[in-house]
Each structure stands twice: as structure tokens, then as C-alpha cells.
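Only heavy atoms go into these numbers, but all of them, side chains included; no hydrogens, no water, no symmetry mates. In each ligand, atom 1 is the first atom listed, and ligand 1 is the first ligand listed. The structure presented is a predicted model; accordingly, all values stated were derived computationally and were not measured.
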Amino acid sequence: MENDLSYHVEEAARAEEEVSVLKAYVEDIKRKVSDMVVEANTDNAELNKLITENTKLKHRLAILSIAIAEEQMQSKPTISDSSKMESITDILHQLFHTAICAAFPDITDPPVVIAVAASNPKFGDYQCNSAMPIANIYKQSGKKVTPRNLAQKILDNLPSHPMVEKCEIAGPGFINIFLNRDYAVKKLQAIFQNGVQPPTVERKKIIIDFSSPNIAKEMHVGHLRSTIIGETIARLLEFLNFEVHRINHIGDWGTQFGMLIAHLQDRFPDHLEKMPPISDLQSFYKEAKERFDEDEEFKKRAYDSVVKLQSFEPKHIKAWKLICDVSRKEFQKIYDRLDITLKERGESFYQTRTEKIVKELEEAGFLENDDGRKIMWGDESTTVPFTIVKSDGGFTYDSSDMAAIKHRLQEEKADWVIYVVDSGQATHFQILFACAKKAGILDPKKHRVDFVGFGVVLGEDKKKFKTRSGDSIRLVDLLDKGLEKALDKLKEKGRDKVR
Ligand code: ARG
């Protein structure tokens, strides 16, 4: 079977090569013919010879196209060796596209119209209704043809396929397609045996950036949405046999860590030896923030800590890790509850890469000075620029996303990157994609990127729900409450065996 397949694949490749040579030849002749016409038919004998040659070549081309289509159909796994699902309309479309292109090589992009037949079995299972619009195209260019004749020409060029039993021309030029019953029965049997199987797709590497909560903040209910939607997309794409990587782009870097570390040093001087007993990182954050706003000396120390952290000073890195661990443990409870495993690659992961990309963007002349900030504009579709470097020299959410997209597309060689983030960030991602294209990181011919936005979660005040409002809902409690409610409902219905 395998030998057979590779033979067909080779044959198809050979035939394809021949077709492209012939095509180039036909083009050349066409050019010569038109040159000669311009020269006012000076040499009629030569012209006629070329026209005949052209027609012959077109005919050979058509025959070869059919042969290729047949080879390709054969080299695809058939019902006997695969339980993969096929699409009837896709197959019919492919077959009739080949036939129509071969029958009417003078029409560019001819219409291929496939429809499900009317309920009367007399008219077959499907129909190809292309003859009428093709007749119209000819009529417009002054050629008289009847759709019935055109339909016959389509059938003369139709490659054979085990799915198609027979075709009949009906009425003004409809082609009724009758499917082979045995073929359909075998397909159905395969479904009953193996269940619904995904269609064959080209295996691509996909990175899905989802969940992505922020350290020292409670996981927001919006992050829960991203987690569930992202995981759903991941499972669906995995079912289709894509190579899926789940990435958790957590917010684990930034100036807020300066004040958290300074506060940690004050509250738990022995934190480097003993794990500090912080259970509620959010109130810890609030305390730190209050001191930061009120105490100048503390503020100064917080800034110093940021500088030390960003230069990877070991004690500061250790303190930062401790803080991240507290949040991480909280997030993990939710991931465990939902049975989700993500690879953590927070903003901190991209730090050295961010330094590099900022330099590259600068050297390539993409950065503009804007009142001390370094900004980068996307394209006409974007009206706000990215802030690549802040006026104090620090990096931003924008710059680390530039580093991340480069890492994903160029180092990780992903074919497709999907970001599942609330719609409030739609503009951010529009600018990200535009800037990445401009910088030559994202090649639309090779890569696919998608922003999958979802509704922003609003608080009772109808404003965007903020984690730091102080009275945020704990997601774990929310999940527990949801579970309790569901159980209560079941119990009410008398199913008290449910525990
Ligand atoms: N941490 C961000 C937030 O909570 C979401 C990150 C989304 N992913 C990204 N690559 N920007 O808003």
C-alpha cells in the first residue's frame, strides 16, 4: 500500500512538473501569437501553425490535469485504509474544478457551483450547476454556446472517483451527480466503528497564549474566561491533530516588584532563610502600596529594589521568586480544579530578549523619540503607537510582547499563534501584529496570528472589573459556590444520592 502510494505521489509530482513546463510553453506561444497579430498578420502560415500547436498543447494540458487529479485522489488514503472523515462537497468541488478548468482553459477562474440536489432521487444526490454561468461568460464575449453542450464537455473531462457512481445531464444543463451507495455505506460503517474522526489536516505548530494572570494580584474572573476559552481551543485543535503548546504569559515582572520586595524585607527580615507565611498576597500588596504612596524613604528603597531586581541581583531574585511562588500556588488550585496544564512563560522570561529586540528595532530605525519615550508605529490601521521604552529607560508590556512574538515565531518556529485575552486589549494586539509585520518578524505568507477576544467582565458598577478594588471575588470560592449550587439543585430534584 505504502509503495503504491509513494508511486502515485511520484507520478503526480512528475505530471505536475510536465504541466508547469507545458504551461510556460503555452504562455510563450500566446505571447508570440499576440505579437504576430500586432504585426498585422504578416505571416499567416506561421500564425496558423502556432495556433494549431497552441490548441494541441492546451488539449494535452487538460488531459494531464485530469491524470494528476486522478493520481492525487488515489494517493489520498481511501476508505479501506483510513477512518478519517471526508467532505463530500470538498471532493466534488475538487473533481469538478479540475474538469471545468480542463474543459474551458480560456476562462480564468471559472465558476464551480456544487449544490445538494432536490429531494427527488431522480435528480441524484448532488448537482453541478456551472454550465449556465459559463454559457453566460461565453455569451458576453460574443460566443454562442448551449449550456447542455458545455455540461457534456465538463463530463468528458471529469476525473473518475469511487465516490461518484454516475452523472447525468438534465434540463437546460444541470449535471445530476449520483453517489456510489457502497462507498457511502463503507463510510458510514467507519463512523459507527471509529466514531467521528477529525479530517486530515496539515500538522502545524500552534502556540496558544491564554490564562496569563498577574503575580500579586488575585486571578481575575476575566482570566478564568481566558483559561476556559483557551483550553477549549487547545483541545479542539489537538483533536484535529495539530501540535499545540499552551503558554501562560503571566505578569511576573515590572516596577511593582520593587515595592513588594522592599516590603518583604521589612516585614519578614528572615525571608531568605524561612518561607514567609504570606497567605493573602493581595493585602500584602495593598500594605506595600500604601507605604509606597505615603513614605518617601520607602519609595526610594522600592525604586532601588527594582534596579537591583532588573540587574538580576541574587537576593532580590530570590525574594521575587518567593513572591511569585505564593501567587503560583493560588493559580495552581484553579488549574487543578479545571484539569489544565500550561507552560509558564511569564514576562520575566523575555527580559534579555526584550533588551535585544529593543536594540534591533532601534538600529533598524523603527523607534521614534516621543518626549523621552521610544515609540514604534504600526501601520495605517493603527492610530496609537507602541511604547517600546519608557522615559525612565524601563521596558513595557508592549516591548515584552514584541520579544515574545519574535521568540514564538522565530525561535520556537510556530506556524500559528493565538492570543486569548479580553477585548479591552484588542488594540494592543492590533498594534503588536502591525509592528511585528513591519519589523519583519511576522510574515503573513508563512505565519498566522489571531487575537481571540472575549467580553470584558464588568463589576456591579458596570465598569471593568478590577482585581485591586479590594473586595474582589476569589475564584476558588466562586467555583466552590457554583458546585454547591449545582448540587443543591440536583438534591432538590430528589436525587439525594449525589454527594
Ligand atoms: N497578564 C495580562 C493581563 O492580565 C494578559 C497577558 C496576555 N498575553 C500577552 N501576550 N499579552 O492583562
Partners of Tyr397 by ring pair (Phe, Tyr, Trp, His ring centres under 6.0 Å), sequence neighbours excluded?
His428
Among side-chain atoms of Thr387 and Arg373, is any donor-acceptor pair under 3.5 angstrom?
yes
Using a 3.5 Å cut-off and no angle test, enumerate the donor-acceptor pairs between side-chain atoms of residues 402-410 and protein atoms at least two apart in sequence or in another chain.
residue, atom, partner, partner atom, Å
Lys406, NZ, Glu360, OE1, 2.8
Lys406, NZ, Glu360, OE2, 3.3
Arg408, NH1, Asp209, OD2, 2.9
Arg408, NH2, Asp209, OD2, 3.2
Arg408, NH2, His249, ND1, 3.2
Arg408, NH2, Tyr350, OH, 3.4

Verify the ring-centre separation between Phe451 and Tyr419: is it less than 6.0 angstrom?
no
Per-ligand residue contacts, ligand 1, heavy-atom threshold under 4.0 Å
Asp209, Ser212, Asn214, His223, His249, Tyr397, Asp401, Tyr419, Val421, Gln425, Phe429
Flag for Gln94-Asp90: side-chain donor and acceptor within less than 3.5 Å
no
The criterion is ring pair (Phe, Tyr, Trp, His ring centres under 6.0 Å); which residues satisfy it with Tyr303, sequence neighbours excluded?
Phe292
